[in-house]
Amino acid sequence: MRVAVVPGPRQSGLLCWLREDGSPDGDVVKVPDLVAAIRDHEQNGGARWVWPSSAGPYQRLLRGGVCVARCHDVALADALILGRDAALGAAPDEQDDAARALLRACRAADAAEAASRADQQALFDPVEAGAADRPDPRRTLDALIEVHADQLRRIAADEHPDRFGLLVTAESAGALVAAEMNLAGLPWRPDVHDGLLTDMLGPRPAVPGQRPARLADLAAQVAAAFRSHTRGRHEPVNPDSPAQLLHALAADGIRLPSTRLAVLRDVDHPAIPPLLEYKELARLHSAFGWSWLDMWVRNGRFSPEYVVGGVVSGRWASRGGGALQIPRLLRQAVVADPGWALVVADAAQLEPRVLAALAGDRAFAAAAAAGDLYAELAAAFGGDRAKAKVAMLSAMYGGAGGEAGQLLAVLRQRFPAADGYVEAAARAGQEGRVVRSVLGRTCPPPSANWRALTEEAADPDAERDPRAGQAARARGRFTRNFVVQASAADWALVMLVSLRAELAKITRPNRTQDELPSAGPDSCGAGRDQPELVFFQHDEVIVHSPRHKADVVAAAAARAASAASRLVFGPTGVAFPLNTAVVDCYADAK
DNA sequence: GGTCGGGGCGCG
DNA sequence: AAAGCGCGCCCCGACC
């Protein structure tokens, strides 16, 4: 059962029950307390809540201690559906423009409210920011119902409506998980983090912006190693400046294309060893140093904002704190609370397995039935596992340099279906067509620039622009990778939301306001004794769980992985094994 | 004083 | 022969 929901003034809201086709079933219901109304319905069978975006209303619900099981996020659905239709050349639907504009205004008001809520630390103050700009609730509800019904029609019109419908459902559930994980936060020990920084960099500088002792020392060593420095003609070379480094090296007779690690590593110059060490430590300091700790860790939790579908391939992005680029070293600071454990589950070699399933390559599937895919493939590469891995990555990324070319030839011969699949995707991209993931996420169409460039080159009379071939091949690599990366993202998303559903089964249902432990935010019925999803990074999830429930959680993760494989790929010989570890500290999970 | 693209590097 | 896919964030340096 679907119910359209729009917030009204103060705590109120409008609800409208919908029929299967999305048309209104009965009158609009005005409720004085929207959070209470949704809590009641969740306790009595629930509904799929249809709202303009999860971002606004769901934050409010979570803070009221209410978790919902299902929703339809119209904004995320629109991105998927309109992306598909634009890519496939369907004409945009003029009549929906007004309705969609109204929903955008509603989401903007939600965002303004959320921003002001983040400013005020007081959680229970009524928040009225954005209220002035909020469009009329009744008109918004009508627009919501109209756009939602339109979306249902467009989903049904897809070449594979079941799969595309699953994608929309999973993306919507992903938005719920994202909000819940943001509220829960990743357990983070500032004392451990600070200890690591101090060990490597020296004590925290008293003056912010000052280089810590170790960095200052290395910077001085770098500068002193240049002749230009010893002749005293210049300011000390700043190791943070690629331009200054290139210049100083050139003055010593070494001309380099860049100051990349891979380039510097092969250079013989006294400045290089301290420079390499400087670069590594400077990055830690600037990206994840003390100021990061101050800015992002509160009450022992790191709470990044996840951006569902923020990457074209459907992977998530994050805003603030670089949540998806945490250096592996700092996993030591991710420690479960006393009496709790981290259940860390990552999909082993997800992308090559996805390719095997996509292509329906039987020989490949047979190899992927085992735990270590590359080890199984090694036989085809003279028993060398490393070669098998290079070949796979090259096939998926479009690399063909060095040894990769020969390895690709082996791959082509032994696994023709898998090779054919990515080659076809690459060809489509080069020709300016779009490709789709297994659940139907579409890659963006080529830009006008790209079209102009490549069409010019197709004209036999025109001067051949080398950039045209370059651009075409680049797009071929993009689409080649897209089909694999985006389908892997499909699998991971379905796995994540399946795990969420599994966890809900071992978690108490929603409680009433009276049962809330204290006057603080409370996620998904978690209180202080229930497992919570706290991290998701492309092919890996972390659940923070009471230690005595960790094994149950691990089993739930395994079921979620099986469910994802079945739902996304149907019957396939390919296995999608999960590496699951129950640990105190993230760094101990392999 | 700000913005913005590039270089570089962390993660998958 | 040149070159692999996707992000976010830091610093620098050019620019307004």
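Throughout, protein chains are lettered first and strands after them, A, B, ... in sequence-line order, and every chain is numbered starting at 1.
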_Check A/Asp110 with A/Arg107, please: is the shortest side-chain N to carboxylate O separation under 4.0 Å?_
no

*asked:* Walk me through whether A/Trp292 and A/Phe302 qualify under ring-ring contact (aromatic ring centres under 6.0 Å, His included).
replied: CA-CA 10 Å; A/Trp292 182 91; A/Phe302 168 43; 4.8 Å; yes

_Contact under 4.0 Å: A/Asn481 side-chain N or O vs C/dG4 OP1/OP2_ = no

_Paired stretches of DNA chain C - 3 or more consecutive Watson-Crick or G-U pairs, each distance under 3.5 Å_ = B:1-12 with C:5-16

*For B/dG8, does either OP1 or OP2 sit under 4.0 Å from a side-chain N or O belonging to A/Thr259?*
yes

*Please state whether the phosphate of B/dG8, meaning OP1 or OP2, lies under 4.0 angstrom from any side-chain nitrogen or oxygen of A/Lys279.*
no

*To the nearest Å, how far apart are A/Glu280 CD and B/dG10 C1'?*
11 Å

*Are A/Asp240 and A/Arg211 ion-paired here, with the side-chain N under 4.0 Å from a carboxylate O?*
yes

*Rounded to the nearest Å, what distance is computed from the CZ atom of residue A/Phe482 to the C1' atom of nucleotide C/dG4?*
18 Å

*Taking atom C1' of C/dC9 as reference, at what distance in whole Å does atom CH2 of A/Trp296 sit?*
11 Å

*asked:* Is A/Arg328 close enough to B/dG12 that one of its side-chain N or O atoms is under 4.0 Å from OP1 or OP2 there?
replied: yes

*Are any of A/Ser286's side-chain N or O atoms less than 4.0 Å away from OP1 or OP2 of C/dC9?*
no

_Quick check for you: to the nearest 0.5 Å, what is the distance between A/Phe381 atom CZ and A/Leu407 atom CG?_
6.0 Å

*asked:* Applying a 4.0 Å non-hydrogen cut-off, can you work out what A/Arg475 is touching in the nucleic acid: base, sugar-phosphate, or nothing?
replied: nothing

_Which nucleotide in C/dC7, C/dG4, C/dA3 has an atom nearest any side-chain atom of A/Ser394_ = C/dG4

*Give a yes/no on whether any side-chain N or O of A/Ser318 is located under 4.0 angstrom from OP1 or OP2 of C/dC7.*
no

_Please pick, from B/dG7, C/dC11, B/dG12, the nucleotide with the shortest atom-to-atom distance to any side-chain atom of A/Pro242._
B/dG7

*In whole angstrom, give me the gap between the P atoms of B/dG7 and C/dG4.*
13 Å

*Let me know the distance between CG of A/Leu276 and P of B/dG10, rounded to the nearest Å.*
11 Å

_Under 4.0 Å, counting only non-hydrogen atoms across every strand here, what does A/Arg477 touch: a base, just sugar-phosphate, or nothing?_
sugar-phosphate

*C/dG4 glycosidic torsion: syn (within 90° of 0) vs anti*: syn

*asked:* Side chain of A/Arg283 only, heavy atoms from C-beta on: which candidate in C/dC7, B/dG7, B/dC9 is closest?
replied: B/dC9

*Atom pair distance, as rounded to whole Å: OH in A/Tyr397 and P in C/dG6*: 10 Å

*Quickly work out the A/Tyr306 OH to C/dG8 C1' distance and round it to whole Å.*
14 Å

*asked:* Rounding to an integer number of Å, can you tell me how far A/Leu393 CG sits from C/dA3 C1'?
replied: 15 Å

*Between A/Asp346 and A/Gln537, does any side-chain donor sit less than 3.5 Å from a side-chain acceptor?*
no

*Identify whether any heavy atom of A/Gln537 sits under 4.0 Å from a base atom; if not, whether one sits that close to sugar-phosphate; answer base, sugar-phosphate or nothing.*
sugar-phosphate

_Is there a side-chain contact between A/Gln244 and the phosphate of C/dG13, meaning an N or O under 4.0 Å from OP1 or OP2?_
yes

_Is it the case that atom NZ in A/Lys279 sees more than 12 heavy atoms from other parts of the structure closer than 6.0 Å?_
yes

_Using a heavy-atom cut-off of 4.0 Å across all strands, would you classify A/Leu261 as base, sugar-phosphate, or nothing?_
sugar-phosphate

*asked:* Under 4.0 Å, counting only non-hydrogen atoms across every strand here, what does A/Gly321 touch: a base, just sugar-phosphate, or nothing?
replied: sugar-phosphate

*Assign each of A/Gly320 and A/Ser313 to its nearest nucleotide of DNA chain C by heavy atoms, then name whichever residue's nucleotide is nearer the 5' end.*
A/Ser313

*side-chain hydrogen bond (donor to acceptor under 3.5 Å, both in side chains) partners of residues 429-441 of chain A, not counting sequence neighbours, each pair once*: A/Asp158-A/Arg436, A/Glu171-A/Arg441, A/Glu431-A/Arg433, A/Ser437-A/Asp490

*Going by modelled atom types, is there a donor-acceptor pair between the base of B/dG12 and the side chain of A/Arg315 at under 3.5 Å?*
yes

*To the nearest Å, give me how far apart CG (A/Leu330) and P (B/dC11) are.*
10 Å

_Does A/Arg319 reach a base, just sugar-phosphate, or nothing at all? Heavy atoms under 4.0 Å._
sugar-phosphate

*Within 45° of the axis and under 6.0 Å from the centre of the six-membered ring of A/Trp188, does NZ or CZ of A/Arg301 qualify?*
no

_Taking CG in A/Asp199 as the centre, count heavy atoms belonging to other residues, nucleotides or ligands within less than 6.0 Å. Is the count above 12?_
yes

_When the P atoms of B/dG8 and C/dA3 are compared, how many Å lie between them, rounded to an integer?_
15 Å

*At under 4.0 Å between heavy atoms, what does A/Val484 touch on the DNA or RNA strands: base, sugar-phosphate, or nothing?*
nothing

*Spacing of A/His247 atom NE2 and A/Leu245 atom CG [to the nearest 0.5 Å]*: 12.0 Å

*Of all the nucleotides listed (C/dC5, B/dC11, C/dC7), which has the minimum atom distance to the side chain of A/Val312?*
C/dC7

